[in-house]
Amino acid sequence: MRKTLFLTAALGLTMGVGTAAMADSPWTGGDNLPTSPLACDNTPGAAAAMPYDGGAVTGAPDLKGKPIKVVDVPKLIGIGYFNATSKGIADAAKELGNVDAKTDGPTQANIDQQVSFLDNYITSGVNGILFAANDPVAIAPVLKKALSKGIHVVGYDANSQPDAREWFVNQAQFNGIGKALVDDMAKEIGEDGAFAIVTSTFTTPNQARWIAEMAAYQAKCHPKMKWLETVEAQEDNNLSFNQATTLINKYDDELKGIFGMTSVATPASAEAVTQANMCGKIAVVGLATPNAMKPYVAKDCVKSVVLWNPVDLGYAAMYVLRAVVDGDLKPGAKSVKAGKLGELQIINGSEVLLGAPTTFTKENIGNFDF
Amino acid sequence: MTLVLNRMLRHEVILGVLLVAALIVLAGQSEHFWTADNLLNQGRLMAEVGLIALPMTFVIVTGGIDLSVGSIFGLSAILLGVFWQNMGLPLPVAMVAAILVGGIAGLGNGFIITRFKVPPLIATLATLALYRGLAEGISQARSVRGYPDWFFGLGQGEVLGVPSQLWIMIVCFVIAAFILGLTTFGRTTYAIGSNEVAARFSGLKVDRAKLLIYGASGLIAGLAAVIFVSRVSTTRSDMGTGLELDVITAVVLGGTSIFGGRGTVIGTGLGLILMQALKNGLALSGVKGDGTIVVIGAVLIAAILIGNLLSRDGD
């Protein structure tokens, strides 16, 4: 009896503490870095000129025009998004003709494994590394090691600390994505609608940054919208679906919209809304690849999907790396040539901007296949 | 006595032969494999898993399992950052406190297992979720960065040309091997795993031993977490996710029986090195990540099959 009482008390205490720790912290899932929300109308943000803040490679052999070996280590392998960037890299390597590129990485978005992969490739002696970081700081030591061994390092999709790589190909500026998503949502659910977010994990750098920018932009331009909750769903299809379903049941009529922050969460949320027969009552806005969203857009369950073209992203990253190896892209440059994409602009000191994000709608989504 | 020892050593001998064969093959595949630089670096990479595998050997020898080590690892890592940055403790104090929290979390496991007779698999499955949840809740999923330079000496520095954490692992390895192989406590551990009821009736302090073992498991997970934070220079609440599987793989590959009563620290060491050598060597010789996992799985099954066949002969 005493034992049972004690056990119940202990369990109650744990749950109490646990719930209290969760409840008194209405955290949004954003990070705590400074935000820079864009203007509410369509005035473009002013891009301040910054000096080069990337790292420097030491003792790299002169390989101008010579064949090079490149490894691409994305956050994880085996998902549509990174398959697309990997395809872009392979396309560019084929076009260039003097690059031997391969993609390898962990099967889960895990920083520890990603570091081990990079470490092994540094030892095996590649000439260049392309990466998409699982954590901007944790990946830095191993990238700096690569730089110190004469290996050129270019990031894409998810950045590291600037001094741990030479260049970073930025798919879209964070405040631009934040504005596009929140504006789309406000258009669909109105200025006083309530919404929730399905993200990957609270520590994923890109998602955390977007959410922080979304929060800042929403507070500035759509102050009456109500922020219900941000839930984690890894980048897992089933978990995303369950989390979205839970949100729909939990908030009932109050919930008017769901943001999907990953290419997995957005289609899964759309599926959850469809299965709950809430199409038209709950809007889904988010980042996703067009192929995954075509059925929902066709059924009018989802009006607009925002994303850059990941194939172009990988393609640009490969061209940037080749330009660095060849000495064509040096600190202080204003732009860089990237094959069929033309001249890409340099921003924020050491970032190459891919361009504005694309919004896919019922009219144009059929033209894209990735 | 010698018979028992012989039987226990047999798996280690097989494993040793397997390891030497693997090293020779891998060295032939890539010129970068058998270099001091690479080998020391691999030592650095396997230190965290290696440290946690030592108390895990004890845990599995008692017939138990500890699935929560990865979560304790994450909790200690995040608390190191919270103690230091949010509560303003000096970093050395925060390091000790974070390790102690790991120990307390481990004692919590031991308490649930011994006091409420919950099977270790269930108890630590529950705390796997509980400790990870605490880590995420406490940290608010924010990373803590900006540690002073001296702190990185632990995870990125060297002493006498050998990575710092490798020294720590070697010291812990010798201590663990001594305790399990040559002390009364070690004998008690085997006795619990062979027949817990008999051990109890023989007057052995079964519950106390288990409590200490699970406590040590948490404590070492905390230590490994501090080393890991120093190696990657940041804390995140999702650190160490899935770590328990690597640790258990190394221990089981090392010949420790999942049913308890059999296993050595030397075996765990060999299992750990074999696993790391395969991961590294295959990657260097151009095998992709997914292929490497397949090979490790196959080696694990092969090692256990051989072990089973031989131990049946021995009986």
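Since we're looking at a predicted model, the values are computed, not measured. By convention in this document, chain letters (A, B, ...) are assigned in the order of the sequence lines, proteins followed by strands, and residues within each chain are numbered from 1. Just so it is clear, the values below take in all heavy atoms, side chains as well, and ignore hydrogens, waters and symmetry mates.
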Peer 1: Does A:Gln108, at its CD atom, have more than 12 non-hydrogen atoms belonging to other residues, nucleotides or ligands within less than 6.0 Å?
Peer 2: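 Check fails, neighbour count at 12 or below.
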Peer 1: Check whether A:Asn120 gets within reach of chain B through its side chain, its backbone, both or neither, counting any heavy atom under 4.5 Å.
Peer 2: both
Peer 1: Pick one of side chain, backbone, both or neither for B:Gln42, based on which atoms fall under 4.5 Å of a heavy atom in chain A.
Peer 2: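 Only the side chain of B:Gln42 comes within 4.5 Å of chain A.
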Peer 1: Heavy atoms only, distances under 4.5 angstrom: which of A:Thr107, A:Thr201, A:Asp104 has the most pairs with chain B? Name it, please.
Peer 2: A:Asp104
Peer 1: Is there side-chain contact between A:Val115 and B:Arg231, with heavy atoms separated by less than 4.5 Å?
Peer 2: yes
Peer 1: Side-chain contact, heavy-atom cut-off 4.5 Å: A:Ser124 with B:Ser30?
Peer 2: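 A:Ser124 does not reach B:Ser30 side chain to side chain.
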Peer 1: Could you tell me whether the side chains of B:Asp238 and A:Gln234 share a donor-acceptor contact shorter than 3.5 Å?
Peer 2: no
Peer 1: Within a strict 4.5 Å, meaning less than it, do heavy atoms of the B:Lys279 and A:Ser116 side chains meet?
Peer 2: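 Not in contact.
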Peer 1: With a 4.5 Å cut-off on side-chain heavy atoms, are A:Lys145 and B:Asn41 touching?
Peer 2: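 Yes. Closest side-chain heavy atoms under 4.5 Å.
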Peer 1: Measuring from B:Thr241:OG1 to A:Gln113:CD, what's the distance to the nearest 0.5 Å?
Peer 2: 10.0 Å
Peer 1: Between CD1 of A:Ile139 and OG of B:Ser233, what distance do you get to the nearest 0.5 Å?
Peer 2: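 These two atoms lie 11.0 Å from each other.
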Peer 1: Between A:Ile122, A:Ile77, A:Thr103, which residue shows the highest count of heavy-atom pairs closer than 4.5 Å to chain B?
Peer 2: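 Winner by heavy-atom pair count: A:Thr103.
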Peer 1: Where on B:Val287 is there a heavy atom nearer than 4.5 Å to chain A: the side chain, the backbone, both, or neither?
Peer 2: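 For B:Val287, backbone heavy atoms alone lie under 4.5 Å from chain A.
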Peer 1: Is it the backbone or the side chain of A:Val137 that comes under 4.5 Å from a heavy atom of chain B, or both, or neither?
Peer 2: both
Peer 1: Evaluate A:Thr123 against B:Leu284 for side-chain contact (heavy atoms from CB on, under 4.5 Å), listing each step before the verdict.
Peer 2: CA-CA 7 Å; A:Thr123 309; B:Leu284 289 185; 3.9 Å; yes
Peer 1: Show, in sequence, the C-alpha distance, side-chain angles and deciding distance for B:Phe228 and A:Asp112, and conclude whether the side-chain contact (heavy atoms from CB on, under 4.5 Å) test is met.
Peer 2: CA-CA 9 Å; B:Phe228 184 71; A:Asp112 190 15; 3.4 Å; yes
Peer 1: Tell me, with the steps shown, if B:Val232 and A:Ile111 meet side-chain contact (heavy atoms from CB on, under 4.5 Å).
Peer 2: CA-CA 9 Å; B:Val232 299; A:Ile111 184 61; 5.6 Å; no
